[in-house]
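Below: one structure, written as structure tokens.
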Amino acid sequence: EIALSIPNIDVYRPYIEREFSIYNIPYVIKSGVSLTKNNAGKIFREISECYTKNFTFDSVRALILDECVPWKKEYDSLRQNLVRVGNEMRCICSPDERDIWFRAFKSKLNNLKEQEEITFYEELERFYGKLKHYVNSFFEEDMTFEKINFAWQGFKRFFLEDDSQFSTEANNILSRC
């Protein structure tokens, strides 16, 4: 009997299975699923991508449209509108490492005349500012487990429903993450 330990099994699995099949080698593949793959735990990967990719449109969209965790209902329209408006304002990425969202909001607000539209964009800008603040809180210097937990609790308290709205599976996965 031989056991192989293979990093990145998701990448290499098809090749390994093909080679074992070609040579008629009996095999059993045992691998776990990453907690950040297709469930509630992926919110941590999405938070990390927002930070590391400087809040590009794709990273923000992936985070705020993630339905694996229960977002507060009061933010449903803000989340949808932020994605729609980000697409309209072309918040794809910033070549000069600045926050493209705030620049786009500033430019948009400077060109608006009607108070209703101004209020709409100011509300979206505040929502985005809160999102950025809470995401950045995960990546301060000298992070300890207690600080990361505090950042998560703040993010969860502001954006997500209370624990009773989480599925048992989501609660278990988030506690392990």
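In terms of modelled atom types and a separation under 3.5 Å, the side chain of Asn81 and the main chain of Ser77 share a donor-acceptor contact. In this structure, the side chain of Ser175 engages the main chain of Asn172 through a donor-acceptor pair within 3.5 Å. Listed for the Ser48 side chain is no donor-acceptor partner under 3.5 Å among the backbone atoms of Phe44. Ser107 places no side-chain N or O within 3.5 Å of a backbone atom of Arg103 that could act as its donor or acceptor partner. A donor-acceptor contact shorter than 3.5 Å is absent between the side chain of Asp66 and the backbone of Ala62. Looking at Glu161, its side chain does come within 3.5 Å of a backbone N or O of Lys73 through a donor-acceptor pair.
Atom CD of Gln153 sits in a crowded spot, with more than 12 heavy atoms from other residues, nucleotides or ligands closer than 6.0 Å. Around the NZ atom of Lys106, the shell of radius 6.0 Å holds no more than 12 heavy atoms that belong to other residues, nucleotides or ligands. The number of heavy atoms from other shown groups lying within 6.0 Å of NZ (Lys72) is above 12.
In this structure, Phe20 and Tyr27 have tilted ring planes: the angle between them lies in the 30° to 60° band. Between Trp152 and Phe155, the ring planes lie parallel to each other; the angle is under 30°, not in the 30° to 60° tilted range.
Ring centroids of Tyr51 and Phe138 are separated by 6.0 Å or more, keeping the two rings apart. Aromatic rings from Tyr128 and Tyr121 are positioned such that their centres are separated by 6.0 Å or more.
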What's the verdict on side chain to side chain donor-acceptor pair (under 3.5 Å) for Thr119 and Gln115, showing C-alpha distance, side-chain angles and the deciding distance?
CA-CA 6 Å; Thr119 303; Gln115 186 58 41; 3.2 Å; yes
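One distance of note links CD of Glu122 with CZ of Phe105; it measures 11.0 Å at 0.5 Å rounding.
Geometrically, Lys156 engages Phe166 in a cation-pi contact, judged by NZ or CZ lying under 6.0 Å from the ring centre and within 45° of the ring axis.
Considering Val85, Val60, Thr56 as possible partners of Trp101, the one that fulfils the side-chain contact (heavy atoms from CB on, under 4.5 Å) test is Val60.
The side-chain heavy atoms of Phe55 and Leu63, taken from C-beta on, include no pair separated by under 4.5 Å. Using a 4.5 Å heavy-atom threshold, the side chains of Leu65 and Gln80 count as touching.
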